[in-house]
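Please read the structure below before turning to the comments.
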Amino acid sequence: MYEKMKKKTGRKLSTLAVLGLSFSMLVTACGSGGNNASPSQAPAATSGDQPAATASAATANTPLEKALNGEYKGTKVTMFGPFVDADQVKFETSIKDFEEKTGIDIQYEGSKEFEATINVRVDGGNAPDIADFPQPGLLASIAKTGKVIDLNTVLDPEKLKSNYNKSWLDMATMDGASGKIMAGIWNRSNVKSLVWYPKKQFEEAGYKVPQTWDEMMALTEQIAKDGDPAWAIGIESGAATGWAATDWVENIMLRTTTPENYDKWVKGELPFTSPEVKNAVEIMSKIWMNKDYVYGGTKSIVTTAFGDAPKPMFENPPKAWFNLMGNFITSFFPETAKVDQDYDWFYLPPIDDQYGKPVLVAGDIYAMFNDRPEVRAVIEFFTTGESIKSWVQSGGVVAPMNDASLDWYQSESDRRMAKLVQDASTLRFDGSDLMPGKVGAGSFWKGMTDYVSGTATLDQALEQIQKGWNN
């Protein structure tokens, strides 16, 4: 949650002013901006390093190609989102080349109060042309009003299918005013199924990266016998304390039940008191509730800040070995620590083979509110890897598009991460970011905190969390 915190990254962060910068949805029926134009061809997926400007002639009639031919020079497209400070600089850098080639001025406005402001602007008829939603749950609620343009009327679905893992498109499909719509397109993602470890010392100790859950648990026990707790875990995060626990539950849910059940769970159709959810927390508890497996013991989990939790891994010798967290956590690692040398990650292993290799992600979905040719060109541009190339090259983000070259990533760690997302059998968005705030950022956080701290039994905690749906 730095992503969760940074944006729970969106909700968790904007709403709680914590850090700043979380699947099944898509667009709304007929948007308010005159979205009844006939579908246009979508951009052809450009190969890894091919500039967008050199897309094939076969796409010459698409808004993107017309823009690159200068047909919309001098026009403006407004965009509103949560990117501020360093993230805003990275975003604006990523669109600069497109602006220069097309003459379209993308006027971006960033706000730490995005969540509160976007509803006001949409309801007041002052919606931006494009908005960046860091949590699809908020977009889903707006999509139901019919004010979001269905991108199925703007982009070629077949082209989207060729450039995105199906799960991304599933997550973008949402309920509109009169049926399912493609509510947005994904432009930036973060991976949350990663276990970080001190690579150099890990190898020197003779440990091997586990490929299955049983192997991971066996290694956890071996490390304990060697005298160290394997896991560095912390869920303290001020008003957002508890969010890190939700990532664990979400990851385990994806490994122990069907994607359909996961979707029902985040929608409130599968209760927290169900056997599926209880089983996930019990599996987590085999690590969390074993004082020999957690640095500082179970009681320290609630009082340790999520960003401080990995610190014992970087002592010499390490005092802890594993930390499950999204790729944003590297911002909290020592500045002297080098990726691929001092630290690395492994994929949180599967638990039940029938559910394949699911990956939990968070990210940004861009929705369109006003339908003009130049806006279509910009939203089409955002479906290409080229639109996020410079950000990928700067590190800390994964492109969800298939045409984003793995060569753009500056470390082997980032390349492996991007490949993990591309090859995932199932992708699902951070569940608590999809749930209503009173649950995902409310009873879920508090219930998990109460359970881990010992002030509630598991059954009591799950009942308490479920009540959030009723309030």
Side-chain angles (χ1 to χ4, degrees), residues 1-22 25 28 32-33 76-95 106-145 147-148 174 183-184 186-190 237-243 246 306-307 326 328 331 362-370 378 382 391 396-397 429-430 432-442 444-446 468:
M1 175 172 184
Y2 174 75
E3 233 6 71
K4 250 172 185 159
M5 280 285 322
K6 202 181 158 191
K7 267 181 174 180
K8 214 159 183 174
T9 298
R11 171 199 318 153
K12 297 177 178 176
L13 294 205
S14 326
T15 304
L16 299 169
V18 189
L19 284 166
L21 123 26
S22 96
M25 322 171 170
T28 94
S32 60
K76 298 178 181 179
V77 173
T78 60
M79 187 168 177
F80 184 49
F83 298 144
V84 295
D85 303 326
D87 280 341
Q88 181 168 346
V89 172
K90 289 184 177 182
F91 171 75
E92 292 177 341
T93 299
S94 72
I95 62 175
I106 300 177
Q107 299 183 332
Y108 175 79
E109 176 188 357
S111 172
K112 293 181 179 179
E113 303 301 324
F114 170 81
E115 292 186 335
T117 306
I118 188 62
N119 278 310
V120 174
R121 293 184 58 170
V122 172
D123 292 343
N126 186 36
D129 294 327
I130 297 172
D132 166 17
F133 290 83
Q135 68 283 54
L138 177 57
L139 174 56
S141 65
I142 296 178
K144 292 178 182 178
T145 68
K147 296 180 179 180
V148 176
M174 306 175 185
W186 298 94
N187 188 257
R188 187 185 72 152
S189 65
N190 299 282
S237 188
T241 294
W243 71 258
T246 69
F306 77 93
F328 55 83
S331 297
D364 298 85
I365 184 169
Y366 295 176
M368 181 172 158
F369 288 92
N370 301 305
V378 173
F382 284 138
W391 203 333
V397 66
F429 205 89
D430 183 296
S432 55
D433 273 349
L434 296 179
M435 298 173 185
K438 60 189 177 183
V439 181
F444 197 179
W445 292 358
K446 186 177 187 303

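In this chain, residues are counted from 1 in sequence order.
Residues Pro134 and Asp132 share a closest heavy-atom pair of CD-O, 3.5 Å. Residue Pro128 comes nearest to Phe80 through the heavy atom pair CG-CB, 3.7 Å, listed as atom of the first residue, atom of the second, then distance. Closest of all the heavy-atom pairs between Ser111 and Val84 is N-CG1, 3.6 Å. The two residues Met79 and Phe91 make their nearest non-hydrogen contact at SD-CZ, 3.5 Å.
Side chain of Arg121 to backbone of Asn126: a donor-acceptor contact under 3.5 angstrom is found. Here the side chain of Tyr108 pairs a donor or acceptor atom with the backbone of Gly81 at under 3.5 angstrom. Of the possible donor and acceptor atoms, none in the side chain of Trp186 sits under 3.5 Å from a partner among the backbone N and O of Asp364. Between the side chain of Thr145 and the main chain of Ile142, a donor-acceptor pair closer than 3.5 Å is present. Between the Thr78 side chain and the Asp129 main chain, a donor and an acceptor come within less than 3.5 Å of each other.
A search for side-chain contact (heavy atoms from CB on, under 4.5 Å) contacts involving Lys76 returns Asp105, Gln107, not counting sequence neighbours. Taking Ser94 as the reference, nothing meets the side chain to side chain donor-acceptor pair (under 3.5 Å) condition, with sequence neighbours excluded. Glu92 meets the salt bridge (Lys or Arg N to Asp or Glu O under 4.0 Å) test with no other residue; sequence neighbours excluded. For Asp85, there are no salt bridge (Lys or Arg N to Asp or Glu O under 4.0 Å) partners, not counting sequence neighbours. Remark: Thr93 engages Val89, Ser390 in a side-chain contact (heavy atoms from CB on, under 4.5 Å) (not counting sequence neighbours). Partners of Tyr366 according to the ring-ring contact (aromatic ring centres under 6.0 Å, His included) rule, which considers only residues two or more places apart in sequence or in another chain, are Phe382. Scored by the side chain to side chain donor-acceptor pair (under 3.5 Å) test, Lys446 finds Asp450 as partners (sequence neighbours excluded).
A perpendicular orientation is assigned to the rings of Phe306 and Phe328, their planes being inclined by more than 60° (bins at 30° and 60°).
Aromatic ring centroids of Phe114 and Phe83 lie 6.0 Å or more apart.
Between the side chains of Asp430 and Ser432, at least one donor N or O sits under 3.5 Å from an acceptor N or O.
With values rounded to the nearest 0.5 angstrom, Phe444 atom CZ is found 5.0 Å from Met435 atom CE. To the nearest 0.5 angstrom, Leu138 atom CG is 11.5 Å from Leu434 atom CG. With rounding to the nearest 0.5 Å, the separation of CD1 in Ile118 from CD in Glu113 is 13.5 Å. In this structure, CD1 in Ile130 is found 9.5 Å from CG in Asn370, a value given to the nearest 0.5 Å.
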> Stepwise, does the side-chain contact (heavy atoms from CB on, under 4.5 Å) test hold for Trp445 with Val439?
Replying inline: CA-CA 8 Å; Trp445 292 358; Val439 181; over 6 Å; no

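Residues Val148 and Phe369 have side chains in contact (heavy-atom distance under 4.5 Å, counting atoms from C-beta outward).
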